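A short worksheet on the structure shown next.
Bear in mind the structure is a predicted one, so any value in this text is a computation, not a measurement. Just follow the structure's listing: the first ligand is 1, and inside any ligand the first atom is 1.
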Amino acid sequence: MREFDVVVVGAGPAGGQCARKLSSKGYSVLLVEQNESFEQNNFSSAATPLETLAKFDLPTEVVATPWRKLEIITSKITRSWHSSEALGVVFDFAKLRAFLAQQVKEQGGEVYLGYRCYQSQGNIVFLRAKKGEITQIKAKVIVDATGYSRSVLYPNKNKRPTFSKAIGIEYLIQVSSQIYEPYAENLVFFLGHHWSPKGYGWIFPMDNFQLKVGIAQIDEPHHIVEKTESLRYYIDQIIRDHIGTIDYHLLETHGSIIEYSLGLRDCYYRDNIIAIGDAVSTVNYLGGEGIRHAMDGAQIASLAIERYLAGQITDFADYQKQMLNIYRSSWVKSEQLSRKVYLQYSDARIDQGVNSLKYLSTQEILVILFNYRFEQYFKGIKGYLWKKITRLFASFSAK
Ligand SMILES: Cc1cc2nc3c(=O)[nH]c(=O)nc-3n(C[C@H](O)[C@H](O)[C@H](O)COP(=O)(O)OP(=O)(O)OC[C@H]3O[C@@H](n4cnc5c(N)ncnc54)[C@H](O)[C@@H]3O)c2cc1C
C-alpha cells in the first residue's frame, strides 16, 4: 500500500493550495480529485480582489480578465463605482485549480484525477477510480477539502448536520465586441425581487468577449415573495432585459451548491482528519466570495498539519480556534445582513439601501463588499465618513 504524509481530498482552491504549501516544504502529499479534469466542474464565477494574486503568489496565466468597475442594480436603482486601476480579477477557475495541482506535482507531490474518496478508516483512505477499481492509501493526516459535500468527515449523507443551502447556476456566453464593451472590466450585481428574489444575480466579464451571467438563491422561503421562478428564468431575464440581446452563443451552463453552517458551527477536525475551505464554511454568505478565504484557511491548516506531523500537537483544536477568531464575527454579521436583504426585505427597502450607497467612494464600497469587517472599519473612521456610514447602515439594518 502506498503511504503519504498527507492525503488531500478535493482539488478545489482549498485542497490545491494546502497540497501546494505542504509539498513545497518537502512533505509527501497526494492530492485527490473526483473529476478527471478541471474543466468538468468549472462552476465558480471566480471574481476576487487584486490582493489575492500577490497573497497566494498566483501568475497572470490563471486570470481571465481584470476588473476595475462595480455596479449594483436593483429594480429601480443603479449605483456604480470605478477606478482607473484594476481592483481585482476574474479567474479562469479551471486554470487556477490546474495551476495549483501542477505546482504540487512540480514540488514532488502526486495528483490523482478521477478518483473519488468514499471512505476513510484511521490512517487508510479508500479511493474508487472512475472505472470502478478500488485503491487504498495510507496517510498520517487526511484533509477534507471536498467543499460543501464534506464527504470525508461525513461519508454518510444522512448523518450530516443541517446547513443553509444556496444554489447557483451560471451561463458562459459568447457575445459580440459591441455587446461586451459595457461589461468589460465591470462586475455587475443584481439585487431585489425583480432580478433575483432570495439571492442575487451577476454579470462578470471573461476574456475573448465572453460573459458569465448567473443567479444564486438561498433555498428557503422568502418572507414576502411567495412564488419564485426557476434560476434559468432569472438568467434569461438578465440577458434579455439588461444585456438587451437574444444574439449570443451559450458556451456552457454550470453551477454548484453552497452549504453553509450558520454561525460557523462546522466540525473542523476529527482524529487525523482536518477540514478546510467550504467544508468549514469559509465562503462568505453575502456575495458567495469563497476562493480567497478557502486558500487562506488552507494555509492556516497547512501550518497546523506541519506541527501535527512534527509531533508538536496531537489534535487540530488550535486551528479551529484560529479560524473562528479570524472569521466568526464578520461572517456572522454578513449572514445577518444577507438573510435580511435576500429573504426578508421589500423591494422598496432594497432600493433604499442601495440608493444610500451613493455616499460611498470606490475604496469604501470595496471595504464593505470584500473586507466584511463592518464595525472595525466604522470604529476607525470619523466625521463626515462616519455620518455616511451610519446613514447607510441604518437604512440597511433597521427593522
Ligand atoms: C455559482 C457559484 C459562483 C461563485 N462565484 C464566486 C466568485 O465569483 N468568487 C469567489 O471567490 N467565490 C465564488 N464562489 C465560491 C467559491 O467557488 C468556493 O467558495 C470555492 O470554490 C471553495 O473552494 P473549496 O476548495 O473549499 O471547494 P470546491 O471548490 O468546491 O472544491 C472541492 C473539490 O472536491 C472535490 N470532491 C468532492 N468530494 C470528493 C470526493 N469524495 N473525492 C474526491 N474529490 C471530491 C470536488 O469535485 C471539488 O473539485 C462561487 C460559488 C458558486 C457555486
Side-chain angles (χ1 to χ4, degrees), residues 7-19 30-49 52 64 67 88-91 93-94 96-98 100-101 111-120 125-130 142-155 157 165-172 187 189 199-206 212-217 231 235 253-260 266 275-298 301 369-370:
V7 171
V8 180
V9 183
Q17 180 65 6
C18 184
L30 172 64
L31 176 63
V32 179
E33 168 58 45
Q34 63 188 355
N35 289 290
E36 285 170 318
S37 92
F38 292 107
E39 303 290 341
Q40 267 173 15
N41 65 338
N42 201 7
F43 66 87
S44 185
S45 319
T48 196
T52 311
W67 59 267
V89 300
V90 179
F91 286 122
F93 192 56
L96 170 68
R97 292 169 299 149
L100 298 175
V111 180
Y112 286 7
L113 294 181
Y115 284 80
R116 181 177 161 70
C117 167
Y118 65 95
Q119 198 185 347
S120 70
V125 182
F126 294 80
L127 305 178
R128 184 177 287 122
K130 282 275 172 209
I142 304 167
V143 181
D144 187 341
T146 60
Y148 74 90
S149 70
R150 298 163 172 85
S151 60
V152 180
L153 277 172
Y154 303 107
K157 278 192 181 164
K165 182 171 166 185
I167 303 161
I169 67 164
E170 185 176 77
Y171 290 180
L172 179 66
L187 296 189
F189 294 92
Y200 52 92
W202 64 88
I203 304 173
F204 290 177
M206 289 290 282
K212 288 172 163 175
V213 188
I215 292 286
Q217 292 190 343
L231 297 185
I235 296 182
T253 304
H254 47 238
S256 188
I257 291 170
I258 286 172
E259 292 199 15
Y260 174 91
D266 274 298
I276 60 174
D278 278 4
V280 287
S281 306
T282 47
V283 62
N284 187 276
Y285 204 76
L286 184 64
E289 194 220 339
I291 293 173
R292 187 167 52 125
H293 312 300
M295 294 179 76
D296 207 17
L369 291 183
F370 290 100

- Of Glu289, Glu33, Lys212, which has the heavy atom at the shortest distance from atom 48 (C) of ligand 1? Glu33

- Message: Does only the side chain of Asn41 get under 4.0 Å from ligand 1, or the backbone, or both, or neither? Count heavy atoms.
- Response: side chain

- Message: Applying side-chain hydrogen bond (donor to acceptor under 3.5 Å, both in side chains), can you list everything that pairs with Asn42, at least two apart in sequence or on another chain?
- Response: none

- Message: Among all the protein's non-hydrogen atoms, which is closest to atom 15 (C) of ligand 1, and how far away is it?
- Response: Gly288 O, 3.3 Å

- Item | Proximity flag Phe204 to ligand 1, non-hydrogen atoms under 4.0 Å | yes

- Pairing residues for Gln34 by the side-chain hydrogen bond (donor to acceptor under 3.5 Å, both in side chains) criterion, not counting sequence neighbours: Arg116

- Filtering Phe43, Phe38, Tyr260, Tyr115 for the heavy atom nearest atom 28 (P) of ligand 1 leaves Phe43

- Under 4.0 Å between heavy atoms, the region of Val9 that gets near ligand 1 turns out to be side chain

- Heavy-atom nearest neighbour of atom 31 (O) of ligand 1 within options Cys18, Pro49, Gly12: Gly12

- Message: Heavy-atom pairs closer than 4.0 Å: do any link ligand 1 to the side chain of Ala46, the backbone, both, or neither?
- Response: backbone

- Message: Among Gln17, Gln34, Arg97, which one puts a heavy atom closest to atom 46 (C) of ligand 1?
- Response: Gln34

- Task: Mind checking whether Tyr118 contacts ligand 1 via backbone (N, CA, C, O), side chain (CB onward), both or neither, at a 4.0 Å heavy-atom cut-off?
- Result: neither

- Message: I want to know whether Phe126 and Tyr115 have ring centres closer than 6.0 Å.
- Response: no

- Task: Answer with side chain, backbone, both or neither: which part of Pro13 has a heavy atom less than 4.0 angstrom from an atom of ligand 1?
- Result: both

- Query: Which of the listed options, Arg292, Gln119, Arg116, holds the heavy atom that is closest to atom 40 (C) of ligand 1?
  - Reply: Arg116

- Just going by heavy-atom distances, which of Asp278, Val283, Leu231, Val280 is nearest to atom 18 (C) of ligand 1? Asp278

